[in-house]
Structure formats: C-alpha cells, structure tokens
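Worksheet for the structure shown next.
In what follows, every chain begins at residue 1, and chains take the letters A, B, ... in the order their sequences are listed. Remember, it's a predicted structure, so these values are computed and weren't measured experimentally.
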Amino acid sequence: MAVPSYWLVKTEPEVFSLDDLRRAPRQTTRWDGVRNFAARGHLRAMKKGDLVFVYHSNAKPSAVVGIAEVVKEAYPDPSQFDRKDEMGYDPKAKRDAPTWVTVDVRFREALPRPVALDEVKRTPALRKMALVRIARLSVQPVTAAEWNAALALARKKPPA
DNA sequence: GCCAACGTTGGC
DNA sequence: GCCAACGTTGGC
C-alpha cells in the first residue's frame with residue numbers, strides 16, 4: 001500500500017495493555033469488542049499496513065504508549081455470537097448479517113516515553129485530536145500532522 | 001468512587 | 001420520530 005492512514009485505539013491496561021499485545025502470540029491480537037457505530041466505521045476503513053496509536057485509558061496517567069500495525073482488515077467479530085462473552089455478545093447480531101467487525105493488529109513498538117493526555121491537551125498541534133474532542137470514541141482517526149507531532153514529542157525529553 | 005458526556009433503548 | 005431513562009466510558 002502506498003501511504004498508510006493513522007488511527008488511535010483505546011484500551012484499559014488493566015484489561016489489555018500494550019505489554020499484553022507485545023507478549024501475545026506473533027505479537028498479534030484481534031481488536032474485538034468494539035460496540036459503537038462510529039468506531040465500527042473507523043475499523044471498516046482500516047487498511048492493512050495502517051499504523052495505530054495504542055492509548056491506555058483509565059490509566060495512571062492515561063497516555064499514548066505505543067504503535068501497532070493493521071495486519072488484517074475488518075471481518076465479522078466472532079465475539080458478537082458468543083453467548084458466554086458477557087461484554088461482547090449481541091443477541092441481535094445475525095450470522096448472515098453480522099453487526100460488528102474487528103481487525104487484527106500487530107505490535108510495532110513502545111514509545112520511548114508515553115505521551116500523556118494532559119500533554120496532548122497542552123500541545124497546540126495535538127489538542128484538536130479526536131482523543132480530546134470526542135468523548136467515548138474508542139477507535140478514531142489521527143491526521144498525519146498529529147501522528148508526527150505526537151511521535152516527535154515521544155522522542156523528546158519530557159517537558160519541565 | 002463520582003459523575004459528566006453521550007450513545008442506545010424503548011415507550012408513546 | 002421524539003425524548004426520557006438508562007447504561008457505559010473514561011477523566012478526575
């Protein structure tokens with residue numbers, strides 16, 4: 001693919017952290033359980049090779065902590081059919097017309113240092129990020145400018 | 001643990 | 001189709 005698109009996914013580190021992704025078989029996991037229509041639209045738009053910021057929410061501090069890569073494009077999320085999956089099961093989902101999709105992502109790197117939410121808010125190049133603007137959106141697009149600015153921050157020394 | 005924001009559900 | 005009630009996310 002020519003130019004990758006950029007994304008950000010949220011995860012609670014207590015549930016599934018960047019380290020969990022790094023230690024997963026083939027450092028790859030199914031990013032399942034997304035049950036929000038706007039987020040689903042972004043999952044569907046992801047292309048193989050796109051790069052994804054991994055953001056730890058409900059963390060101390062909440063921060064962008066790493067980068068993953070899309071290795072499999074959107075396909076039906078099996079957890080919607082799993083009655084035993086308390087969070088993911090969707091009784092309205094039909095086998096022949098699945099409601100929810102997932103993608104597979106592979107670990108790429110941990111950032112040299114996390115970029116915390118308060119720093120995102122304080123940085124002019126970043127404070128328009130969907131992360132700040134749109135509450136409760138667990139999968140979101142990131143512009144190339146935002147991506148580069150966040151990476152530049154992560155590779156710099158922490159602010160005083 | 002609290003609660004604001006906001007997406008979803010369901011009664012009408 | 002409106003909108004109140006409800007449930008969840010996620011910062012603090």
Side-chain angles (χ1 to χ4, degrees), chain A residues 5-24 29-46 50-68 70 74-105 107-143 145-147 149-154 156 158-160:
Chain A
S5 295
Y6 301 110
W7 309 94
L8 179 147
V9 296
K10 297 178 182 176
T11 183
E12 298 192 31
E14 305 268 312
V15 179
F16 190 86
S17 69
L18 183 69
D19 264 353
D20 292 328
L21 177 60
R22 186 171 51 75
R23 289 190 296 253
T29 197
R30 173 184 290 153
W31 206 265
D32 59 7
V34 172
R35 296 292 182 270
N36 168 287
F37 292 108
R40 181 185 72 179
H42 298 311
L43 286 179
R44 282 180 170 158
M46 287 183 179
D50 282 358
L51 297 174
V52 183
F53 276 144
V54 176
Y55 174 82
H56 281 172
S57 60
N58 269 321
K60 298 179 185 114
S62 294
V64 180
V65 293
I67 298 175
V70 176
Y75 60 98
D77 181 348
S79 71
Q80 70 196 300
F81 305 119
D82 182 358
R83 291 175 178 280
K84 294 194 297 295
D85 188 323
E86 288 190 18
M87 297 304 292
Y89 178 63
D90 183 348
K92 287 181 295 197
K94 301 284 190 303
R95 288 271 172 194
D96 52 357
T99 306
W100 305 110
V101 300
T102 184
V103 298
D104 288 355
V105 298
F107 176 86
R108 270 274 195 122
E109 64 172 277
L111 295 182
R113 71 173 181 85
V115 178
L117 179 61
D118 72 311
E119 197 177 354
V120 171
K121 289 177 176 171
R122 282 188 281 107
T123 302
L126 298 181
R127 66 168 157 243
K128 299 273 177 55
M129 287 182 76
L131 182 63
V132 180
R133 280 182 5 253
I134 309 173
R136 305 176 48 195
L137 181 60
S138 60
V139 181
Q140 52 189 258
V142 173
T143 68
E146 290 162 351
W147 182 272
L151 271 190
L153 266 187
K156 224 174 53 179

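Atom pair A/N58:CG and B/dC2:P shows a separation of 15 Å (rounding to whole Å applied). Taking atom CG of A/L131 as the reference point, atom C1' of B/dA5 lies 15 Å away to the nearest angstrom. At whole-Å resolution of the value, CD in A/E12 and C1' in C/dT9 are 8 Å apart. Atoms CZ (A/R133) and P (C/dG10) sit 15 Å apart, rounded to a whole Å. Rounded to whole angstrom, the span from the CE atom of A/M87 across to the C1' atom of C/dG7 amounts to 10 Å. Taking atom CG of residue A/L117 and atom P of nucleotide C/dG10, one finds them 11 Å apart after rounding to whole Å. In this structure, A/H56 places its NE2 atom 17 Å from P of C/dT9, rounding to the nearest Å. Here the P atom of nucleotide C/dC6 and the CZ atom of A/R35 are 24 Å apart, to the nearest Å.
Listed nucleotides C/dG10, B/dA5, B/dT9 differ in distance to A/K10; the shortest reach to its side chain belongs to C/dG10. With distances taken from any side-chain atom of A/K92 to the nucleotides C/dC12, B/dA5, B/dT9, the minimum falls on B/dT9. For A/S57, taking side-chain heavy atoms from C-beta onward, the closest of the listed nucleotides B/dA5, B/dT9, C/dG10 is C/dG10.
Considering only side-chain N and O atoms, A/Y55 lies nowhere under 4.0 angstrom from the phosphate OP1 or OP2 of C/dT9. Taking side-chain N and O atoms only, A/K121 has no distance below 4.0 Å to OP1 or OP2 of C/dG11.
At the heavy-atom level, A/K60 lies nowhere under 4.0 Å from the strands shown.
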- Message: Go through it in stages, so that I can follow the logic: the residues are A/T29 and A/D20, the test is side chain to side chain contact (heavy atoms under 4.5 Å, CB included), and I'd like the CA-CA distance, side-chain angles, deciding distance and then a yes or no.
- Response: CA-CA 9 Å; A/T29 197; A/D20 292 328; over 6 Å; no
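Residues A/L151 and A/L111 approach most closely at CD2-CD2, 3.7 Å, considering heavy atoms. Counting all heavy atoms, side chain and backbone alike, A/S138 lies closest to A/V34 at OG-CG1, 4.3 Å.
Here the side chain of A/S62 pairs no donor or acceptor atom with the backbone of A/L117 at under 3.5 angstrom.
Counted within 6.0 Å of CZ on A/R83, heavy atoms from surrounding residues, nucleotides or ligands total 12 or fewer; the atom is thus considered open.
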